[in-house]
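One structure below.
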Amino acid sequence: MLAVAVWSVSIVITTVAFLYVCSIPPLWPFLAVYLFWVRCIDKSPENGGRTSQWFRSLSFWKYFADYYPASNVDTCVQEADLPPDRPYVFGYHPHGMGALATFATEATGFSAAFPGIKPHLLTLASNFQMPFYRDILMALGVCSVSKQSCSNILKAGPGSAITIVVGGAAESLSAHPGTADLTLRRRLGFIKLAIQHGADLVPVFSFGENDIYQQMPNQRGTMIYAFQRKFQSIFGFTLPLFHGRGLLNYNVGLMPYRRQIVAVIGKPIRVERCEKPTLEQLTKVQQRYIDELTRIWNTYKDTFAKARLRELNIID
């Protein structure tokens, strides 16, 4: 619980630490050099980051994953071996915490399950503008989700892999317990990226991801939904109005509920490399991807989604 609480406020902690350093005049020269390096020199977020296997393997992340739990064989299902002789694009669904535990740490034993695969979870480029916090992200292998960053990683050679939370901010607005509404229908960018680099597509469905928070009713047509989409269009991210449990109570707070998260890593989809795929090629591969994602849902829903309120729904 403490590990999840610390990570939940990690941006606040690193911001306070930065401001504290700013308050110490003897450290200003070092701070000036650091900020110049961050702003003008360091391009690591766009070029594969600075992954630290030691940092990814810290016990802290094991505690983080065990909170849900999101670790061990019974909560991370591997359906196929992934030979490290090619690049991979993992598509993660739905938006949530399990992506961090599975792809940015060794809490679920990713490197042992997929030897030779070098995963990079992707996030908004704006996260790398925050001093100190950016360095934590890069130590976990997290990189920018920009097109150039994706291309640079996949060009790095066999075994290079990126993980894209395909639904992004828009999908988080559809996250309600017992549901699985995926923002995917109009998302072709990651498909195009995989085809252009000859990378296998690997669907990942995370059961229980939508059950760790309660979100206020925000159906389409409501003022709340309109405000959230407007906010997203301006700032690039959105503000789900949610609540979970507290640090010392189980009723209300910003801590996620302790629900099991089970990430099922599906079978890879081979694609033919093409520099300029047509819309027909993109939609054909996308349909294969959706079919595989649907197969994962139908195979495991009665085991890991017993309390579901409705079936898998592909939207937008």
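All residue numbers in this chain count up from 1 along the given sequence. The structure presented is a predicted model; accordingly, all values stated were derived computationally and were not measured.
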Anything under 3.5 Å between a donor and an acceptor, one on a side chain of residues 23-35, the other on a protein residue two or more places apart or in another chain? List them.
unit_1, atom_1, unit_2, atom_2, d
Ser23, OG, Tyr20, O, 2.5
Trp28, NE1, Cys22, O, 2.5
Tyr34, OH, Phe132, N, 3.0
Tyr34, OH, Asp135, OD2, 2.5

Any salt bridge (charged side-chain N to carboxylate O under 4.0 Å, His left out) involving residues 77-106? Give me the pairs, sequence neighbours left out, ordered by first then second residue. Arg56-Glu106, Glu79-Arg295, Arg86-Asp200
Please confirm whether the backbone N or O of Phe242 pairs with a side-chain atom of Gln215, one donor and one acceptor, at under 3.5 Å? no
Using 30° and 60° as the class limits, which term best fits the ring planes of Trp61 and Phe55: parallel, tilted or perpendicular? perpendicular
Where do Leu201 and Val285 land on the side-chain contact (heavy atoms from CB on, under 4.5 Å) test, with the steps shown first? CA-CA 9 Å; Leu201 278 163; Val285 174; 3.6 Å; yes
Can you run down the side-chain hydrogen bond (donor to acceptor under 3.5 Å, both in side chains) pairs that involve residues 116-132, sequence neighbours left out, and say none if there aren't any? Arg39-Gln129, Thr123-Asn127
If we count only N and O atoms by modelled type, under 3.5 Å, do the side chains of Tyr92 and Glu209 hold a donor and an acceptor together? yes
Could you list the residues that satisfy side chain to side chain donor-acceptor pair (under 3.5 Å) with Asn47, not counting sequence neighbours? Asn152
Please set out all donor-acceptor pairs under 3.5 angstrom arising from side-chain atoms of residues 161-173, sequence neighbours excluded.
unit_1, atom_1, unit_2, atom_2, d
Glu171, OE1, His95, N, 2.8
Glu171, OE2, Thr183, N, 2.9
Ser172, OG, Ala169, O, 2.5

A quick test of your reading: do over 12 heavy atoms of other residues, nucleotides or ligands sit less than 6.0 Å from CD of Gln287? yes
Ring-plane angle category for Phe90 and Phe103, please: parallel below 30°, perpendicular beyond 60°, tilted otherwise. tilted
Specify whether Phe227 and Phe231 have parallel, tilted or perpendicular ring planes, treating 30° as the upper limit for parallel and 60° as the lower limit for perpendicular. tilted
Show me the side-chain donor-acceptor pairs of residues 2-12 shorter than 3.5 Å, one per line, residues at least two apart or across chains.
unit_1, atom_1, unit_2, atom_2, d
Ser8, OG, Val4, O, 2.7
Ser10, OG, Trp7, O, 2.8

